[in-house]
Amino acid sequence: MRTLITGSPDRVEALAKAFESAGDDPVTLDQLGPETGSIDRYVQLGTTVPARGETVVRRVQSFLSDGLLERFVLAERVLPLLSDGATVLLVAGNLSSESAVPDDRAARLLMLRLLAHAIRADLTPRRVRVRVITGDRPDDQLVQFALSGGKDPLVEVPATGSELDSTLSYSDWRIEVLGMAQVEV
């Protein structure tokens with residue numbers, strides 16, 4: 001199995017060794033060509049984002065655009081490389097290099113959940129598992145989540161008040177959610 005790992009270079013290197021020990025072939029974007037469907041697992045790690053700007057508002061804006069929103073750009077680049085049945089782990093952990101930048105962990109996780117939904121939508125009807133994982137998990141646990149496709153109970157929230165099967169394609173998921181709606185006349 002080929003596993004693509006992106007994010008903080010020091011963590012990528014350590015995680016690549018853990019995947020290699022598990023029998024996977026870890027690769028980086030630089031090692032890949034344009035061949036579609038060549039990646040079985042994709043692990044997107046967070047990075048430390050340098051703070052830019054004179055005001056707190058500007059520093060937060062740069063944190064979002066250079067960190068969290070850049071993850072959307074990277075995911076879009078990787079989408080064609082994913083095989084049918086691939087597993088994607090979006091690992092939280094984007095942090096600002098400056099402590100004066102306000103942080104909202106829940107908001108960062110919501111942004112990653114939004115990215116997960118967008119990935120599922122773009123890959124419909126293919127069945128790709130997309131999981132959001134907390135960034136404080138050790139490498140061996142990240143490998144286990146990637147191998148099993150399991151959910152991280154610390155970040156997963158039930159959709160619309162009940163647990164929905166996230167192995168559904170986006171189209172099937174949308175039909176199931178819309179089927180829960182009640183129309184009153």
Side-chain angles (χ1 to χ4, degrees), residues 3-19 22 24 26-29 39-52 56-57 59-79 81-82 86-123 128-160 163-167 170 173:
T3 301
L4 172 62
I5 308 168
T6 62
S8 178
D10 55 330
R11 185 105 194 253
V12 167
E13 187 177 323
L15 191 56
K17 290 178 184 174
F19 272 103
D24 274 17
V27 295
T28 63
L29 274 176
I39 299 299
D40 303 297
R41 302 186 223 297
Y42 172 44
V43 181
Q44 188 188 73
L45 301 167
T47 59
T48 300
V49 181
R52 293 182 297 130
V56 174
V57 170
R59 289 190 295 271
V60 170
Q61 187 273 332
S62 71
F63 169 72
L64 290 174
S65 64
D66 297 344
L68 283 169
L69 296 178
E70 188 61 31
R71 294 180 78 158
F72 284 73
V73 173
L74 186 57
E76 184 177 28
R77 181 176 171 198
V78 171
L79 288 178
L81 303 174
L82 297 173
T87 298
V88 175
L89 295 186
L90 302 173
V91 182
N94 277 54
L95 301 171
S96 174
S97 63
E98 184 179 312
S99 62
V101 174
D103 186 28
D104 186 335
R105 182 178 184 269
R108 287 187 286 119
L109 288 172
L110 284 173
M111 290 291 291
L112 288 179
R113 285 190 197 113
L114 180 61
L115 176 56
H117 289 305
I119 291 170
R120 285 186 198 105
D122 276 342
L123 294 177
V128 173
R129 291 181 291 195
V130 185
R131 303 289 190 244
V132 176
I133 308 294
T134 59
D136 54 353
R137 296 273 184 192
D139 292 346
D140 63 324
Q141 286 183 7
L142 292 180
V143 170
Q144 286 308 310
F145 278 116
L147 296 177
S148 70
K151 296 177 183 179
D152 185 343
L154 298 177
V155 296
E156 293 291 329
V157 288
T160 64
E163 186 67 48
L164 293 177
D165 183 0
S166 62
T167 61
Y170 183 78
W173 172 83

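For the single chain, residues carry numbers from 1 onward in sequence order.
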Are [X] and [Y] close enough that some pair of their side-chain heavy atoms sits under 4.5 Å apart?
X	Y	value
Val43	Val91	yes
Arg105	Leu109	yes
Asp139	Arg11	yes
Thr6	Leu45	no
Arg113	Val155	yes
Arg41	Phe145	no

Item to check | Matching residue for Val27 among Leu81, Thr3, Ile5, Leu4 - test: side chain to side chain contact (heavy atoms under 4.5 Å, CB included) | outcome: Leu4
Item to check | Option passing side chain to side chain contact (heavy atoms under 4.5 Å, CB included) with Leu82 (candidates Asp40, Val88, Val130) | outcome: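 Single pass found, and it is Val88.
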Item to check | Arg129-Thr87 side chain donor-acceptor pair, cut-off 3.5 Å | outcome: yes
Next on the checklist: Under 4.0 Å between a side-chain nitrogen and a carboxylate oxygen: does that hold for Arg131 and Asp152?
Outcome noted: no
Item to check | Lys/Arg-Asp/Glu bridge criterion (N-O < 4.0 Å) met for Asp66, Arg52 | outcome: yes
Least distance between heavy atoms, [X] atom then [Y] atom:
X	Y	result
Leu69	Met111	CD2-CE, 3.5 Å
Pro26	Ala16	CG-O, 3.3 Å
Ile119	Ala75	CD1-CB, 4.1 Å
Phe72	Leu68	CD1-O, 3.5 Å
Leu147	Ala22	CD1-CB, 4.2 Å
Ala18	Val143	CB-CG2, 3.7 Å

Checklist entry - Could you walk me through whether Val132 and Lys151 pass the side chain to side chain contact (heavy atoms under 4.5 Å, CB included) check? => result CA-CA 8 Å; Val132 176; Lys151 296 177 183 179; over 6 Å; no
Checklist entry - From Asp104 CG over to Arg108 CZ, what is the distance, rounded to the nearest 0.5 angstrom? => result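 Those atoms lie 8.0 Å apart.
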Item to check | Interatomic distance, Thr134 atom OG1 to Leu112 atom CG [nearest 0.5 angstrom] | outcome: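 Answer rounded to 0.5 Å: 11.0 Å.
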Next on the checklist: One pair to check against side chain to side chain contact (heavy atoms under 4.5 Å, CB included): Ile133 and Gln141. What are the steps and the verdict?
Outcome noted: CA-CA 10 Å; Ile133 308 294; Gln141 286 183 7; over 6 Å; no
Next on the checklist: Test side chain to side chain contact (heavy atoms under 4.5 Å, CB included) on Leu29 and Val78; report intermediate values, then the result.
Outcome noted: CA-CA 9 Å; Leu29 274 176; Val78 171; 4.2 Å; yes
Checklist entry - Under 3.5 Å, side chain of Ser148 to main-chain N/O of Gly150, donor-acceptor pair present? => result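 At least one qualifying donor-acceptor pair exists.
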